[in-house]
S.K.: 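Take this structure, written in structure tokens, and hold onto it; I'll ask about it next.
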Amino acid sequence: QVQLVESGGGSVQAGGSLRLSCAASGDTASNYCMGWFRQGPGKAREGVAAIVPGGDGTYYADSVKGRFTISRDNAKNTMYLEMNSLKSEDTGTYYCAAKRRICGRGIWFSEESYNYWGQGTQVTASS
């Protein structure tokens with residue numbers, strides 16, 4: 001069983017950048033598909049990006065393509081989310097998630113398919 005802890009959230013002006021980290025412990029991260037989800041004020045939680053266990057495949061929500069980059073360092077058991085050109089609509093709590101199976105092109109964004117979750121980190125982009 002894997003435990004996940006997010007870090008790197010904060011407040012920036014619109015157009016700014018932040019880098020989130022998700023540290024995994026309790027198991028080897030390379031056994032898991034890992035993803036980032038977010039929940040904005042008054043909104044449902046949504047998938048942002050996911051990365052396959054080996055790191056050689058990624059998926060993104062249309063709303064963040066070209067601005068966000070997901071990556072992982074399995075030697076460090078850590079996943080990252082580089083967020084550039086932040087918009088006010090990117091504001092929310094960002095969660096790290098993992099599942100011990102393939103990401104799946106049609107389901108990577110489905111929170112029900114993930115078994116393990118972090119506590120979340122707040123990201124605020126103000127205009």
S.K.: Do the side chains of Leu18 and Tyr95 join up, straight or via other hydrophobic residues, at under 4.5 Å, putting them in one cluster?
M.R.: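 No.
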
S.K.: Are Ile70 and Trp108 connected in a single hydrophobic cluster, I mean Ile/Leu/Val/Met/Phe/Trp/Tyr linked by side-chain heavy atoms less than 4.5 Å apart?
M.R.: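 The answer is no; the residues belong to distinct hydrophobic clusters.
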
S.K.: Looking only at the side chains, is there a donor atom on one of Tyr32 and Asn115 sitting less than 3.5 Å from an acceptor on the other?
M.R.: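 Checked: Tyr32/Asn115 side chains show no N/O donor-acceptor pair below 3.5 Å.
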
S.K.: Can Gln122 and Thr93 be counted as having a side-chain donor-acceptor contact under 3.5 angstrom?
M.R.: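 Per modelled atom types, Gln122 and Thr93 side chains form a pair under 3.5 Å.
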
S.K.: Given the rule that I, L, V, M, F, W and Y join up when any side-chain heavy atoms are under 4.5 Å apart, are Tyr116 and Tyr80 in one cluster?
M.R.: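 The answer is no; the residues belong to distinct hydrophobic clusters.
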
S.K.: Tell me yes or no: between the side chains of Asn84 and Ser17, is some donor less than 3.5 Å from an acceptor?
M.R.: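 Side chains of Asn84 and Ser17: pair found under 3.5 Å.
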
S.K.: Is the shortest heavy-atom distance from the side chain of Arg100 to the side chain of Asp27 under 4.5 Å?
M.R.: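 Of all side-chain heavy-atom pairs linking Asp27 with Arg100, at least one is under 4.5 Å.
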
S.K.: Would Trp117 and Ile107 show up in the same hydrophobic cluster when neighbours are defined by side-chain heavy atoms closer than 4.5 Å?
M.R.: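 The answer is no; the residues belong to distinct hydrophobic clusters.
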
S.K.: For Asp56, enumerate each residue passing the side chain to side chain donor-acceptor pair (under 3.5 Å) test, keeping only those at least two apart in sequence or located in another chain.
M.R.: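 With neighbours one apart ignored, the set is empty.
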
S.K.: Of all heavy-atom pairs between Leu4 and Ala24, which one has the smallest distance, and what is that distance?
M.R.: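 Scanning both residues completely, I find the closest heavy atoms to be CD2-CB, 3.9 Å.
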
S.K.: Looking at Gln13, I'd like to know if its CD atom is crowded, meaning that more than 12 non-hydrogen atoms belonging to other residues, nucleotides or ligands lie closer than 6.0 Å.
M.R.: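 At most 12 heavy atoms, drawn from other residues, nucleotides or ligands, come within 6.0 Å of this atom.
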
S.K.: Is there a chain of hydrophobic side chains (I, L, V, M, F, W, Y, each step under 4.5 Å between heavy atoms) that links Met83 to Phe109?
M.R.: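 No; tracing contacts between hydrophobic side chains, which count when under 4.5 Å, never links both residues.
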
S.K.: When you measure from the side chain of Asn31 to the backbone N and O of Pro53, does any donor-acceptor pair fall under 3.5 Å?
M.R.: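 No; judged by distance alone, with no hydrogens or angles, the pair does not exist.
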
S.K.: Relative to each other, are the rings of Phe68 and Tyr94 parallel, tilted or perpendicular (30° and 60° limits)?
M.R.: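 Ring orientation, 0 to 90° scale: tilted.
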
S.K.: Going from CZ on Arg45 to CD on Glu111, what distance comes out if it is rounded to the nearest 0.5 angstrom?
M.R.: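 Going from the CZ atom of Arg45 to the CD atom of Glu111 covers 4.5 Å.
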
S.K.: For the residue pair Ser113 and Ser110, what are the closest heavy atoms and their distance?
M.R.: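 Heavy atoms only, the tightest pair is OG-O, 2.8 Å.
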
S.K.: In terms of side-chain geometry, is the basic nitrogen of Lys87 or Asp90 positioned less than 4.0 Å from the acidic oxygen of its partner?
M.R.: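 So Lys87 does not pair with Asp90 through a salt bridge.
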
S.K.: In the structure I gave you, are the side-chain heavy atoms of Cys96 and Met34 within less than 4.5 Å of one another anywhere?
M.R.: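 In short, these two side chains touch, coming nearer than 4.5 Å.
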
S.K.: Taking Thr91's backbone N and O only, do any of them form a donor-acceptor pair with Thr124's side chain (distance below 3.5 Å, no angle check)?
M.R.: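 Checking the backbone N and O of Thr91 against the side chain of Thr124, no donor-acceptor pair under 3.5 Å is found.
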
S.K.: Just so I know, are the side chains of Ile51 and Trp36 near enough to count as touching, which here means a heavy-atom distance under 4.5 Å?
M.R.: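 When only atoms from C-beta onward are counted, Trp36 and Ile51 do not touch, as no gap falls below 4.5 Å.
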
S.K.: Can the ring centres of Phe37 and Tyr114 be said to be less than 6.0 Å apart?
M.R.: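 Centroid distance Phe37-Tyr114: below 6.0 Å, so yes.
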
S.K.: Find the distance between OG (Ser85) and CZ (Arg67) and round it off to the nearest 0.5 Å.
M.R.: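 Reported to 0.5 Å precision, the distance equals 7.0 Å.
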
S.K.: Roughly how far apart are Met79 CE and Glu6 CD, rounded to 0.5 Å?
M.R.: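 Nearest 0.5 Å value for the CE-CD distance: 8.0 Å.
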
S.K.: Is it true that the side chains of Asn77 and Arg72 contain a donor and an acceptor less than 3.5 Å apart?
M.R.: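 No pair is found: no donor N or O on one side chain lies under 3.5 Å from an acceptor on the other.
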
S.K.: CG of Leu81 to OG1 of Thr121: how many Å apart, nearest 0.5 Å?
M.R.: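 With rounding to 0.5 Å, CG (Leu81) is 11.0 Å from OG1 (Thr121).
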
S.K.: Of the non-hydrogen atoms in Ala23 and Thr78, which two are nearest, and what is the gap between them?
M.R.: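 For Ala23 and Thr78, the tightest heavy-atom pair comes out as CA-OG1, 4.2 Å.
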
S.K.: As an exercise, state the distance from CG of Leu86 to OG of Ser127, rounded to the nearest 0.5 Å.
M.R.: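 Interatomic distance, Leu86 CG to Ser127 OG, rounded to 0.5 Å: 12.0 Å.
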
S.K.: Between Leu20 and Val123, is any pair of side-chain heavy atoms under 4.5 Å apart?
M.R.: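 They are in contact (side-chain heavy atoms under 4.5 Å apart), so the answer is yes.
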
